[in-house]
Amino acid sequence: MKKQFVILFYVLLLFGVMAGCSGNEAEDGQEGGREKKEELTVSAAASLQDALDDIKASFEKEHPNVTVNFNFGGSGALQQQISQGAPVDLFFSAAEDKFDKLVEDGVIDSADGLDLVGNDLVLVVPKNSNKNIQSFEDLANADKISIGTPEAVPAGQYAKDTLEYLNVWKSIEGQVVYAKDVRQVLTYVETNNVDAGIVYKTDAMVSQKVKIAATAEEDAHAPIIYPVGVIKDSAHPEEAHLFYDYLQNETSIKIFEKHGFKGLR
């Protein structure tokens with residue numbers, strides 16, 4: 001009897017160990033599948049920040065296994081980072097030329113990219129301004145004017161093109177304060193460090209401290225188009241395409257339009 005009891009004890013112990021292993025495997029399987037979080041890195045133009053933050057909240061609610069991290073900045077600087085091998089999953093540019101460079105270099109497949117939204121260029125001044133600046137031509141009344149650095153910030157290039165188109169650039173070039181992106185331009189205007197700045201309409205809309213003095217004519221600069229695409233070497237191609245598709249859906253387009261962007265799809 002004693003021998004049979006010992007055998008039964010070890011059989012039960014063996015089943016217990018096997019059941020434990022099976023449970024651990026099931027947990028591991030859940031962790032490796034549905035419950036495992038994947039993190040995406042999206043390099044995006046600074047002017048997209050508020051709209052993308054809203055879209056991120058909506059996307060992550062529907063896809064709790066994916067976390068979206070943004071790297072906001074000037075499109076030119078972001079394009080350079082990606083060209084140099086920065087680990088990025090998607091690029092959302094404020095200018096077609098920066099995006100097209102990555103397509104030409106084979107970093108983005110043209111089939112995985114599209115022109116998604118558009119924007120307007122505006123002249124902003126502090127709400128308490130007494131400089132009588134009501135048009136781009138009135139910038140002669142300003143002591144300091146801020147725009148993004150044209151070589152790296154698309155809004156800066158659009159601004160320079162507009163001022164050249166209006167034959168204003170040469171007379172005010174010496175008063176220009178360059179910024180790393182449009183949000184820095186906006187900050188300079190909000191804090192009265194400059195008398196005026198040129199930003200996107202979407203940036204002006206988020207500030208309670210500035211007012212729009214004028215909107216640039218569409219003929220004054222190249223079309224303001226925001227292309228987005230998936231990086232070929234994305235470490236998370238499935239999730240990257242999931243977010244890429246989500247950016248195009250009706251929910252996302254409505255969010256973009258709420259923030260002042262023009263839907264192009």
Side-chain angles (χ1 to χ4, degrees), residues 17-75 77-94 98-99 102-103 105-117 119 181 183 202 206 225-265:
V17 171
M18 290 174 65
C21 290
S22 177
N24 288 337
E25 285 173 7
E27 286 178 13
D28 290 344
Q30 279 189 327
E31 196 174 70
R34 206 182 44 206
E35 293 185 359
K36 185 181 178 184
K37 284 227 174 203
E38 297 290 353
E39 294 196 13
L40 289 179
T41 299
V42 179
S43 285
S47 51
L48 290 160
Q49 184 168 345
D50 296 280
L52 286 182
D53 282 343
D54 283 356
I55 291 171
K56 166 189 165 80
S58 176
F59 174 80
E60 290 181 351
K61 189 174 180 180
E62 292 187 30
H63 303 280
N65 63 314
V66 183
T67 299
V68 181
N69 299 314
F70 294 118
N71 175 31
F72 292 111
S75 296
L78 296 176
Q79 177 247 309
Q80 287 291 329
Q81 291 170 11
I82 295 169
S83 293
Q84 292 165 13
V88 175
D89 299 294
L90 291 98
F91 179 43
F92 205 159
S93 175
K98 313 300 181 192
F99 187 87
L102 294 181
V103 174
D105 292 346
V107 178
I108 295 175
D109 190 323
S110 59
D112 288 329
L114 56 85
D115 294 337
L116 189 59
V117 292
N119 211 336
D181 57 44
R183 287 305 169 94
T202 50
V206 304
I225 293 173
Y226 289 66
V228 59
V230 178
I231 304 299
K232 269 188 186 178
D233 293 336
S234 166
H236 313 93
E238 185 177 338
E239 291 78 15
H241 280 92
L242 188 66
F243 188 63
Y244 172 74
D245 291 339
Y246 194 86
L247 289 169
Q248 303 171 52
N249 72 19
E250 187 177 353
T251 298
S252 296
I253 295 301
K254 283 183 177 178
I255 290 173
F256 281 123
E257 290 175 345
K258 182 186 80 172
H259 286 276
F261 291 95
K262 303 172 181 177
L264 301 179
R265 307 298 297 170

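These numbers come from the heavy atoms of this one structure, side chains and all, not from hydrogens, waters or symmetry mates.
The two atoms that bring F261 and S47 nearest to each other are CZ-O, 3.5 Å, heavy atoms only. Between I255 and A51 the shortest heavy-atom distance is CG2-O, 3.6 Å. Nearest approach of P237 to A235, heavy atoms of both residues: CD-C, 3.4 Å. Minimum interatomic distance between S43 and I82 (heavy atoms only, all atoms of both residues): CB-CD1, 4.2 Å.
For the atom pair L40 CG and Y244 OH, the distance stands at 14.5 Å (nearest 0.5 Å). Distance check, rounded to the nearest 0.5 Å: CG of D89 to CD1 of I231 gives 8.0 Å. Considering CD of E250 and OG of S252, their distance stands at 10.5 Å, rounded to 0.5 Å. Atom CG of residue N119 and atom CD1 of residue I225 lie 11.5 Å apart, to the nearest 0.5 angstrom. Considering NZ of K56 and CD of Q49, their distance stands at 11.5 Å, rounded to 0.5 Å. A distance of 10.5 Å separates CD of E239 from OG1 of T67, quoted to the nearest 0.5 Å.
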Kindly list each side-chain donor-acceptor pair under 3.5 angstrom involving residues 106-117, sequence neighbours excluded, with atom names and distances?
unit_1, atom_1, unit_2, atom_2, d
D109, OD1, A111, N, 2.9
D112, OD1, H241, NE2, 3.2
D112, OD2, H241, NE2, 3.4

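With hydrogens and angles ignored, the 3.5 Å screen pairs a side-chain donor or acceptor of S83 with a backbone N or O of Q79. Side-chain atoms of K254 do not come within 3.5 Å of backbone N or O of N249 as any donor-acceptor pair. A donor-acceptor contact shorter than 3.5 Å is absent between the side chain of S93 and the backbone of S75.
You'll find the side chain of D181 stays beyond 4.5 Å of the side chain of F72, heavy atoms only. In this structure the side chain of N71 reaches within 4.5 angstrom of the side chain of Q81, judged on heavy atoms. With a 4.5 Å cut-off on side-chain heavy atoms, E62 and L242 do not count as touching. Side-chain contact check for F256 versus L264: every heavy-atom pair is 4.5 Å or farther apart.
Partners of E39 according to the side-chain hydrogen bond (donor to acceptor under 3.5 Å, both in side chains) rule, which considers only residues two or more places apart in sequence or in another chain, are N69. For the ring-ring contact (aromatic ring centres under 6.0 Å, His included) test, residues two or more places apart in sequence or in another chain that qualify with F59 are H63, F243, Y246.
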Side chain to side chain contact (heavy atoms under 4.5 Å, CB included) for L247 and F92? Distances and angles first, verdict last.
CA-CA 10 Å; L247 289 169; F92 205 159; 4.3 Å; yes
What verdict does the side chain to side chain contact (heavy atoms under 4.5 Å, CB included) test give for T202 and L48, after you've listed the backbone C-alpha separation in whole Å, the side-chain angles of each residue and the deciding distance to 0.1 Å?
CA-CA 8 Å; T202 50; L48 290 160; over 6 Å; no
Go through the steps to decide whether K258 and D54 satisfy the test side chain to side chain contact (heavy atoms under 4.5 Å, CB included), and finish with yes or no.
CA-CA 10 Å; K258 182 186 80 172; D54 283 356; 3.2 Å; yes
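Between D105 and K232 there is no salt bridge, since no side-chain N of the basic residue sits under 4.0 Å from a carboxylate O of the acidic one.
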